[in-house]
Amino acid sequence: MNLFNSALGKNITFVRPEYFIVRGFIGIPHIKYYYVFLCFVYIVSVLGNTAVMAIIYLDHNLRTPKYIAVFHLAFVDLFGSSALMPKVLDIFLFNHRYVPYNDCLTFLFFCYTCLSMQVLNLVALSYDRLIAIIYPLHYQVKVTHRFMLSLIASFWVFVIIAVLIAVGLLTRLSFCKSVVINSYFCDHGQIYRLACNDYTPSYVFGVLLIALILWFPLAFIVLSYLCIGYALSKVATAQERYRAFKTCTAHLSLVAIYFLPILITFTMSRNIHPNARIINLSLTSVFPPMLNPIIYVLQTQEIIVSVKKILNIRKQSKIKVKKVIIK
């Protein structure tokens with residue numbers, strides 16, 4: 001309990017700054033072009049994820065537990081990109097680097113909540129693939145609509161509580177020295193390191209949060225695919241193994257896109273330049289939401305069939321309208 005006394009004490013007066021200054025990149029000329037590029041990525045992400053959500057909503061055949069998770073992933077990507085990118089563009093393109101204290105903590109809350117939900121959504125999809133391949137005959141019993149919705153809801157509750165605790169601990173810190181955040185957004189780690197009182201509780205909870213929302217999900221995904229690989233090795237023919245594994249390619253692509261840059265950043269954290277860290281983390285934040293819908297549309301046969309069906313219906317309706325007009 002002594003560890004948290006400095007953070008939870010009631011009779012302590014905390015020094016809270018009027019604002020934080022988000023520094024961004026250091027000494028890179030013409031860096032605004034990079035933010036214009038991020039703006040383009042954001043627009044593609046919004047269009048792609050909106051399209052995936054619309055396709056799943058319009059096609060009743062896609063209203064399965066798996067596509068509930070895919071729909072939710074598109075929603076989180078859209079919500080997360082919209083929570084992060086407009087504010088980042090406002091800060092750096094329009095030079096509004098002075099972010100009020102409460103706005104910065106709110107910005108942090110929404111960014112971390114959405115980024116965490118992206119990871120946990122990959123866990124839900126990996127569990128779906130695990131049961132579908134290992135227990136194909138029991139899939140419809142084990143993975144129901146209710147189960148998937150309950151799983152996603154429990155992830156939301158867990159993430160919101162965890163991030164609220166992280167933000168709450170930040171409010172127990174005093175900032176009497178620098179208010180410059182060496183990141184491209186209100187980064188949790190960069191904020192608590194600015195404190196002039198004991199930030200050990202924030203540091204400990206930050207490490208715990210990384211373990212719970214990054215390393216444990218990654219370990220579960222890796223373990224699930226080891227089980228899938230072992231199960232597929234027992235399948236009689238190579239063609240059957242290929243068909244089963246093909247259903248996992250889209251999910252594996254998303255896992256690689258999301259985790260590889262983060263793993264590189266954490267592995268090289270001591271030797272990596274602050275600018276390289278910002279580029280790596282910013283691309284990790286915006287590229288998966290842009291690529292997720294593209295990967296699912298191109299690599300998932302059901303969505304390809306659904307898109308063709310929707311396009312054919314629209315073409316037929318236009319032909320019918322033209323015939324009526326001609327008559």
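Source: prediction; values computed, not measured.
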Minimal non-hydrogen separation, Asn197 against Arg172, with atom names: ND2-O, 3.3 Å
Ile28 side, atom CD1; Ile278 side, atom CD1 - distance, nearest 0.5 Å: 8.0 Å
Side chains of His188 and Ile191 in contact at under 4.5 Å (non-hydrogen atoms): no
Geometric cation-pi criterion Arg23 and Tyr184, 6.0 Å radius, 45° cone: no
Plane angle bin for Phe147 and Tyr127 - parallel if under 30°, tilted between 30 and 60°, otherwise perpendicular: tilted
Qualifying residue for side chain to side chain contact (heavy atoms under 4.5 Å, CB included) with Ile68, from Asp128, Leu149, Ile56: Leu149
Phe20 and Phe175 aromatic centres sub-6.0 Å: yes
Atom CZ of Phe110 with >12 non-hydrogen neighbours under 6.0 angstrom: no
Closest non-hydrogen atom pair between Val123 and Pro217, with its separation: CG2-CB, 3.5 Å
Gap separating the CZ atom of Arg16 from the CG atom of Leu105, nearest 0.5 angstrom: 8.5 Å
Flag if over 12 foreign heavy atoms under 6.0 Å of OH, Tyr203: no
Side-chain touch Asn49/Phe75, heavy atoms, less than 4.5 angstrom: no
His251 ring center near Tyr225 ring center (under 6.0 Å): yes
Spacing of CG belonging to Leu73 relative to CG belonging to Asn121, to within rounding of 0.5 Å: 4.5 Å
Connected via hydrophobic side-chain network under 4.5 Å: Ile26 and Leu194: no
Joint hydrophobic cluster, Leu223 plus Ile131, side-chain heavy atoms closer than 4.5 Å: no
Within-4.5 Å side-chain heavy-atom neighbours: Arg63 and Phe71: no
Sub-2.5 Å SG contact, Cys186 and Cys104: yes
Heavy-atom side-chain contact between Ser82 and Tyr42 under 4.5 Å: yes
Where Pro289 and Ser81 come nearest, the two heavy atoms and their spacing: CB-OG, 3.3 Å
Co-membership, hydrophobic cluster, residues Trp215 and Phe155, 4.5 Å side-chain: yes
Neighbour count >12 (heavy atoms, 6.0 Å) for atom NE2, His138: no
Pairwise distance OH(Tyr35) to CZ(Phe94) - rounded to 0.5 angstrom: 13.5 Å
Gap separating the OH atom of Tyr199 from the CZ atom of Arg193, nearest 0.5 angstrom: 6.5 Å
Closest non-hydrogen atom pair between Cys227 and Leu130, with its separation: CB-CD1, 3.8 Å
Intermediate values then yes/no, side chain to side chain donor-acceptor pair (under 3.5 Å), Asn102 and Thr106: CA-CA 6 Å; Asn102 289 330; Thr106 304; over 6 Å; no
Cluster link Ile31 to Tyr33, ILVMFWY, side chain under 4.5 Å: no
Closest non-hydrogen atom pair, Leu170 against Tyr101: O-OH, 3.9 Å
Which atom of Ala162 lies closest to which atom of Phe205, heavy atoms considered: O-CE2, 3.2 Å
Parallel, tilted or perpendicular: ring planes of Tyr34 versus Phe37, cut at 30 and 60 degrees: tilted
Trace of the salt bridge (Lys or Arg N to Asp or Glu O under 4.0 Å) decision for Arg277 with Asp187: CA-CA 12 Å; Arg277 179 180 178 275; Asp187 194 340; 3.2 Å; yes
Note, Lys66 side chain near Arg129 side chain (heavy atom, < 4.5 Å): yes
Path from Phe40 to Phe287 over hydrophobic side-chain contacts below 4.5 Å: yes
Lys87 NZ/CZ over Phe185 ring centroid, <6.0 Å and within 45° of normal: no
Under 3.5 Å donor-acceptor, Ser154 side chain and Leu151 backbone: yes
Spatial distance of atom CD (Gln190) from atom CG (Leu108) [nearest 0.5 Å]: 11.5 Å
